[in-house]
Amino acid sequence: MTSNREIHLARRPEGWPTEDTFRLVETDVPTPGPGQIVVRNQYVSVDPYMRGRMNDVKSYVPPFALDAPLDGAAVGEVVASESADLAVGDTVLHGLGWREYALLDASRARKVDATLAPASAYLGILGMPGLTAYAGLLEVAALQPGETVFVSAAAGSVGSLVGQIAKLKGAGRVIGSAGSAAKVERLRALGFDAAFDYHDGPVRDSLRAAAPDGVDVYFDNVGGDHLEAAISAMNLHGRVAICGMIAQYNATEPPAAPRNLALVIGKRLTLRGFLVNDHNDVRATFVRDVAGWLREGKLSYDETVVDGIENAPKAFLGLLRGENLGKMLVRV
């Protein structure tokens with residue numbers, strides 16, 4: 001354990017990132033000081049929000065630094081410890097991904113139970129994406145039994161859970177959009193009442209056909225034409241939980257849609273953006289509910305796994321292109 005490989009941000013992209021946006025750097029495996037641990041990462045997460053952090057702009061989270069390792073959620077095994085709270089062999093969740101070995105204060109890591117679920121699940125269904133889906137649907141959008149729910153990017157790690165949780169909570173109809181015929185079939189297998197490939201025609205037309213009686217809740221992961229279509233389809237007093245807008249993350253020009261925001265007035269719609277960290281107060285309830293549904297076989301989840309830290313940039317670029325089914329992970 002003398003060599004540690006990590007991914008650095010080599011330059012700030014304009015538009016779409018490319019592989020030369022990143023640099024693979026070899027360093028020494030760190031040694032822990034008092035109160036610190038060293039974690040051998042097993043899985044690291046790549047997530048859409050990371051694209052925004054590559055820009056040097058003010059946001060809700062600081063931008064990545066140039067010529068320094070990127071960070072993000074990771075799960076791994078403690079291999080060295082100078083902390084009384086975490087021991088060698090513990091499996092922990094922390095925020096220093098994009099590298100093989102991470103040095104951090106023990107207070108910044110959370111021990112997880114690898115017997116409850118595979119370690120990778122704590123980056124997906126039992127982690128940030130799962131809590132995002134749960135809180136966004138139930139707290140932000142305040143889903144009520146019998147309502148019609150539309151989810152964009154529904155085959156991703158968040159969207160696929162939104163649809164399943166909506167059904168478990170009594171939604172009358174759940175509709176999802178995705179980027180391929182195979183993903184559409186997967187959504188139907190997960191219990192979505194209807195699903196469509198947004199490449200097959202205008203989203204507005206596909207959504208109107210799938211939701212002839214309108215939409216009460218829209219969980220937005222895409223923005224753009226999906227948000228415009230949802231606004232047109234929303235019923236009175238409908239709610240939109242805005243989680244992400246991946247359609248414009250790499251755009252260099254202002255988005256063309258939505259062009260129908262005036263409908264928000266007459267329909268008395270609520271459009272609410274949210275961050276998952278605003279809802280840590282429901283984390284215990286989320287873990288209890290989701291772990292129970294997993295044990296009972298009522299929830300399914302998918303993972304797309306890319307091997308090797310050197311391939312983390314490829315995994316991230318694939319995520320932006322929609323090549324993942326469920327959670328995109330890098331197995332270190």
Side-chain angles (χ1 to χ4, degrees), residues 4-27 30 39 41 43-76 93-105 107-110 123-124 127-129 131-132 136 153 156-158 220-224 242-255 272-280 306 309-324 327-330 332:
N4 176 35
R5 296 184 301 166
E6 50 193 33
I7 303 296
H8 289 206
L9 185 65
R11 64 178 185 86
R12 300 199 184 279
E14 296 183 10
W16 281 82
T18 58
E19 288 200 32
D20 64 2
T21 301
F22 309 91
R23 181 183 299 117
L24 179 65
V25 175
E26 187 168 311
T27 64
V39 180
N41 285 332
Y43 292 89
V44 302
S45 178
V46 292
D47 299 284
Y49 82 88
M50 294 174 174
R51 174 60 188 87
R53 294 189 66 193
M54 294 175 187
N55 299 329
D56 189 13
V57 296
K58 185 177 181 180
S59 183
Y60 62 90
V61 63
F64 292 127
L66 284 173
D67 301 315
L70 293 90
D71 57 65
V75 66
L93 178 68
H94 63 93
L96 293 182
W98 292 81
R99 67 202 79 188
E100 292 176 319
Y101 291 89
L103 170 69
L104 65 154
D105 292 341
S107 60
R108 296 176 58 198
R110 178 163 60 91
L123 298 177
M128 180 269 287
L131 181 57
T132 300
S157 59
V158 173
D220 189 15
N221 292 303
V222 173
I242 301 177
C243 173
M245 294 190 175
I246 197 170
Q248 61 198 63
Y249 287 171
N250 298 300
T252 56
E253 299 293 332
R272 182 178 167 192
F274 74 100
L275 299 178
V276 65
N277 287 338
D278 295 338
H279 299 277
N280 284 322
V306 174
I309 196 65
E310 70 277 9
N311 292 317
K314 291 181 180 178
F316 177 72
L317 297 175
L319 172 74
L320 295 182
R321 291 190 292 262
E323 296 174 359
N324 59 300
K327 184 77 186 84
M328 178 69 91
L329 296 168
V330 177
V332 180

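On a predicted model such as this, the values are computed, not experimentally measured, just so you know. We count residues from 1, following the sequence as given.
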Please examine the side chains of [Y] and [X], heavy atoms only from C-beta on, and report whether any two atoms are closer than 4.5 Å.
X: Arg53; Y: Leu9; value: no
X: Ile7; Y: Ile309; value: yes
X: Leu70; Y: Met50; value: no
X: Val306; Y: Leu329; value: no
X: Met54; Y: Phe22; value: yes

| field | Separation of Arg5 CZ from Leu24 CG (nearest 0.5 Å) | value | 6.0 Å

| Point-to-point distance, once rounded to the nearest 0.5 Å, from CG of Leu96 to CZ of Arg108 | 5.0 Å

| said: Strictly distance-based, threshold 3.5 Å: is any side-chain N or O of Arg12 a donor or acceptor partner for the main-chain N or O of Phe64? | reply: yes

| query | Are any side-chain N or O atoms of Asn41 and backbone N or O atoms of Tyr43, one a donor and one an acceptor, separated by less than 3.5 Å? | reply | no

| message | Once side chain to side chain contact (heavy atoms under 4.5 Å, CB included) is applied, do any residues pair with Leu317, and if so which ones, sequence neighbours excluded? | response | Pro17, Glu19, Arg321

| query | Is a side-chain donor-acceptor pair under 3.5 Å present for Ser107 with Asp105? | reply | no

| field | Check: Asn4/Arg99 side-chain N/O donor and acceptor closer than 3.5 Å | value | no

| remark: Result for side-chain contact (heavy atoms from CB on, under 4.5 Å) between Trp98 and one of Val46, Val330, Asp71, Val44 points to Val46

| message | With a 4.0 Å cut-off on N to O distance, would you call Asp47 and Lys327 a salt bridge? | response | yes

